[in-house]
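Residue indices begin at 1 and follow the sequence shown. Just so it is clear, the model here is predicted, and its values are computed rather than measured.
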Amino acid sequence: MTDVQLIALAAGFFGLLIGSFLNVCVFRLPRDLSVVKPRSFCPACEKGVAWYDNIPVLSYLLLGGKCRNCRTTIAWRYPLVELVTGLLFAASVLRCGTDFHAVKLCIFSALIVGLVFMDLEERILADEFTVGGMSFGFALSLFLPMPHFIGHFLFPPEWSESYLSLIESLMGGLGPAVALWLIGEIYYRIRGREGLGFGDVKMIGMIGAFYGLQGALLTLIIGSLAGSVLGLLFIFLTKKDSATYEPPFGSFLGVAALVPPLVNIEGSGGVVVPW
């Protein structure tokens with residue numbers, strides 16, 4: 001096993017722990033609860049969960065998917081979030097090697113996983129993840145170069161790479177967010193009902209802040225296509241009212257956002273950006 005593979009394995013185990021924390025965020029943030037205290041508890045009987053019953057994935061399997069105290073079924077989301085986050089962390093290292101961009105991709109993956117499952121369960125995209133993530137993406141661009149795109153052509157090349165990278169991040173985050181907001185506003189004016197939540201706008205801003213205008217636009221295209229096809233299929237199969245049903249567009253955006261950076265997984269280092 002190579003050094004990169006060993007680090008990827010360690011990252012995967014760390015991702016399981018982060019996934020456990022994401023489960024706390026997914027449950028508590030939409031309910032305006034603290035993610036720090038109290039410690040983990042069963043939503044049904046509200047009894048605290050012992051540390052040995054809070055081991056990612058393993059505890060779920062040992063308990064047979066039920067609370068030790070009240071035997072209420074534990075939602076499948078808990079082990080799934082942990083497992084998906086662990087796999088994404090490992091894949092990030094395999095994609096970027098030991099480069100710091102692997103850390104950036106891990107952070108991005110964790111934010112996306114949290115948002116996807118929040119939107120699926122509560123139709124809420126917490127500002128702590130969208131706005132907070134956007135700010136973090138802008139800050140990271142000063143230290144980890146963004147791909148050269150419009151910003152590098154519009155501004156003097158003698159400017160510091162850090163400043164040009166920040167400009168790319170700002171354009172990637174704010175440009176698509178404003179455009180998506182305008183589309184939603186036009187739809188509201190025409191149809192008289194909200195067709196796009198402001199959380200979706202902030203989410204695409206977060207994605208663009210991390211991976212620039214190219215990544216944000218590609219995510220919008222993939223997410224919109226997937227949302228249209230799968231959303232219509234879901235409405236048809238469940239016979240829901242297409243006029244009132246609101247599909248979790250943020251979840252489609254999140255899944256789409258993970259496609260470009262994780263394709264062509266390989267253990268080669270020196271990757272400038274994962275697009």
Quick one: pull up SG in C96 and CG in L144 and give me the separation to the nearest 0.5 Å.
10.0 Å
Drop me the distance from L125's CG to K202's NZ, to the nearest 0.5 angstrom.
8.5 Å
Can you list the steps and then say if F117 with L80 is a side-chain contact (heavy atoms from CB on, under 4.5 Å)?
CA-CA 10 Å; F117 283 92; L80 181 60; 3.8 Å; yes
Would you please classify the geometry between the F14 ring and the F89 ring as parallel, tilted or perpendicular, with 30° and 60° separating the classes?
tilted
Lys/Arg cation over aromatic F41: R39, 6.0 Å, 45° cone:
no
Side-chain contact, heavy-atom cut-off 4.5 Å: K104 with F136?
no
Should the pair F108 and F210 be assigned to parallel (<30°), tilted (30 to 60°) or perpendicular (>60°) ring geometry?
tilted
Do S165 side-chain atoms and M146 backbone N/O form a donor-acceptor pair below 3.5 Å?
yes
Enter the distance from L258:CG to T219:OG1 here, rounded to the nearest 0.5 Å.
8.5 Å
Is it true that a side-chain atom of S135 and a backbone atom of V131 form a donor plus acceptor pair closer than 3.5 Å?
yes
Apply the test side-chain contact (heavy atoms from CB on, under 4.5 Å) to residues C42 and N69: give CA-CA distance (whole Å), side-chain angles for both, the deciding distance (0.1 Å), then the verdict.
CA-CA 9 Å; C42 171; N69 182 58; over 6 Å; no
Intermediate values then yes/no, side-chain contact (heavy atoms from CB on, under 4.5 Å), V24 and S40
CA-CA 7 Å; V24 174; S40 297; 4.2 Å; yes
Could you check K66 against T72 for side-chain contact (heavy atoms from CB on, under 4.5 Å), going step by step and ending with a plain yes or no?
CA-CA 5 Å; K66 296 182 183 297; T72 298; over 6 Å; no
With a 4.5 Å cut-off on side-chain heavy atoms, are T130 and M134 touching?
no
Would you say that T85 contacts L22 through its side chain, given a criterion of any heavy-atom pair below 4.5 Å between the two side chains?
yes
Beyond-backbone contact of I112 with I207, side-chain heavy atoms, under 4.5 angstrom
yes
CZ (F21) and CG (L17) are apart, to the nearest 0.5 Å, by 12.0 Å
If we ignore hydrogens and angles and just use 3.5 Å, is the side chain of R95 paired with the main-chain N or O of A102 as donor and acceptor?
no
